[in-house]
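All values derive from a computational prediction rather than experimental measurement.
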Amino acid sequence: MPVEIISFKPEHAKSFKDLNIAWLEKYFYVEKKDIELLDGCEKNILDKGGYIYFAAYNNQIVGCFAFIQKEENVYELGKMAVDFKFQGLKIGQNLLKFAIDYAKKSNWSKIILYSSTKLEHALYLYKKFGFTVIELENNPEYLRSDLKMELLLN
C-alpha cells in the first residue's frame, strides 16, 4: 500500500503532537519550544506562513513534518516524525522527497534543518537527499541541536 501525503486539517493536530512527543521522548526530551509549536501548531506554524504535512498509510496518520518559515523563501524542515510501528517502510524518505519537491515547486531558495549527531540514520537520509552541514549558531533554539544542515534549491 502506498503512502499518501496529506496537508494539515485541524483534526490532525493531536496526531502531530503525539507523533512528535513519542519521538522526542525516545531520543531526547520535550523542550519548551517543542510544547509551544506542538500545542499551538496552527498559530505558531501555519498562521506564520508555515506548512504541516502528514503521511497516511492504510488511512492512518503515521508520520509528519512541518515547514517553519524563517525568512522569505527560506523554511526550516522540522517536527519530522514517523510512528515507530511503521518505521522501515520508507515513510521518512517519502516525507522528505515530498518536502523537497514542494520547496522546489514553490521556488524557495533553501531548506534548513537542525539535528543531532546522535541521529545517524536521519543524518544519512538528509545527506542522501543533498543536505550539507553548515555552521550552527551559538544558541540554537533546541538544546538537542548540535548540527545544522541546508539544501540549496536554486
(request) Would you mind telling me which of L24, I61, V62, V82 makes a side-chain contact (heavy atoms from CB on, under 4.5 Å) with L19? (result) I61
(message) Could you see if M149 belongs to whatever hydrophobic cluster contains F98? Use Ile, Leu, Val, Met, Phe, Trp, Tyr and a side-chain cutoff under 4.5 Å.
(response) yes
(request) Check step by step if side chain to side chain contact (heavy atoms under 4.5 Å, CB included) holds for I21 and V30. (result) CA-CA 7 Å; I21 295 291; V30 180; 3.7 Å; yes
(request) Evaluate the side-chain proximity of P10 to E42: yes if any heavy-atom separation is below 4.5 Å, no if none is. (result) yes
(message) Working to the nearest 0.5 angstrom, can you tell me the gap between Y51 OH and L46 CG?
(response) 9.5 Å
(request) Work out which heavy atom in S116 is nearest to a heavy atom in L123; give both atom names and the distance. (result) O-CD1, 3.5 Å
(request) Say whether L125 and L153 are linked into one hydrophobic cluster, either directly or through other cluster members, by side-chain heavy-atom distances under 4.5 angstrom. (result) yes
(message) Under the criterion side chain to side chain contact (heavy atoms under 4.5 Å, CB included), I'd like the reasoning laid out for Y114 against R144: C-alpha separation, chi angles, the key distance, then a yes or no.
(response) CA-CA 9 Å; Y114 295 87; R144 64 182 169 267; over 6 Å; no
(request) Please test F65 against L113 for side chain to side chain contact (heavy atoms under 4.5 Å, CB included), starting from the C-alpha separation and ending with a verdict. (result) CA-CA 11 Å; F65 77 88; L113 64 82; over 6 Å; no
(request) Check whether W108 and I68 end up in the same hydrophobic cluster, where Ile, Leu, Val, Met, Phe, Trp and Tyr are linked by side-chain heavy atoms less than 4.5 Å apart. (result) no
(request) Measure across L95 and A81 and return the closest heavy-atom pair with its distance rounded to 0.1 Å. (result) CD1-O, 4.4 Å
(request) Measure the NZ-OH distance between K118 and Y27 for me, rounded to the nearest 0.5 Å. (result) 9.0 Å
(request) Could you check D39, L38, L37 and say which one makes a side-chain contact (heavy atoms from CB on, under 4.5 Å) with N44? (result) L37
(request) Determine whether K128 and L96 make a side-chain contact, defined as any pair of heavy atoms from C-beta on separated by less than 4.5 Å. (result) no
(message) With a 3.5 Å distance limit and no angle check, can you tell me whether K33 reaches the backbone of Y142 through a side-chain donor-acceptor pair?
(response) no
(message) Does E72, at its CD atom, have more than 12 non-hydrogen atoms belonging to other residues, nucleotides or ligands within less than 6.0 Å?
(response) no
(message) Just so I know, are the side chains of I100 and L77 near enough to count as touching, which here means a heavy-atom distance under 4.5 Å?
(response) no
(message) If we ignore hydrogens and angles and just use 3.5 Å, is the side chain of D83 paired with the main-chain N or O of K85 as donor and acceptor?
(response) yes
(message) Given K148, which partner from the list E137, E76, E141 fulfils the salt bridge (charged side-chain N to carboxylate O under 4.0 Å, His left out) test?
(response) E137
(message) Looking at K70, I want to see if its NZ is surrounded by more than 12 non-hydrogen atoms of other residues, nucleotides or ligands under 6.0 Å.
(response) yes
(request) Give the minimum heavy-atom separation between F84 and W23, together with the two atoms involved. (result) CZ-CA, 3.8 Å
(message) Are I111 and Y126 packed together at the side-chain level, in the sense that at least one heavy-atom pair is separated by less than 4.5 angstrom?
(response) no
(message) Within this structure, what is the CG-OG1 distance for the pair L152 and T132, rounded to the nearest 0.5 Å?
(response) 6.0 Å
(request) Please determine which of F67, F8, Y102 meets the ring-ring contact (aromatic ring centres under 6.0 Å, His included) test together with Y53. (result) Y102
(request) Kindly work out whether a path of hydrophobic side-chain contacts (I/L/V/M/F/W/Y, heavy atoms less than 4.5 Å apart) joins I35 to F28. (result) yes
(message) Quick check: closest heavy atoms across F54 and C64, and the distance to 0.1 Å?
(response) CD2-CB, 3.7 Å
(request) Check for a donor-acceptor pair, side chain of E31 on one end and backbone N or O of L143 on the other, with a separation under 3.5 Å. (result) yes
(request) State, with a plain yes or no, whether a side-chain heavy atom of Y124 is found less than 4.5 Å away from one of K127. (result) no
(message) Does L147 form a side chain to side chain contact (heavy atoms under 4.5 Å, CB included) with L136? I'd like the steps, not just the answer.
(response) CA-CA 6 Å; L147 189 81; L136 180 68; over 6 Å; no
(request) Could you tell me the separation between the OG atom of S145 and the CG atom of N139, rounded to the nearest 0.5 Å? (result) 11.5 Å
(message) Do L119 and M80 sit in one hydrophobic cluster, given that two such residues count as connected whenever their side-chain heavy atoms are within less than 4.5 Å of each other, even indirectly?
(response) no
(request) Ignoring hydrogens and angles, tell me if any N or O in the side chain of D146 forms a donor-acceptor pair with the backbone of T117 under 3.5 Å. (result) yes
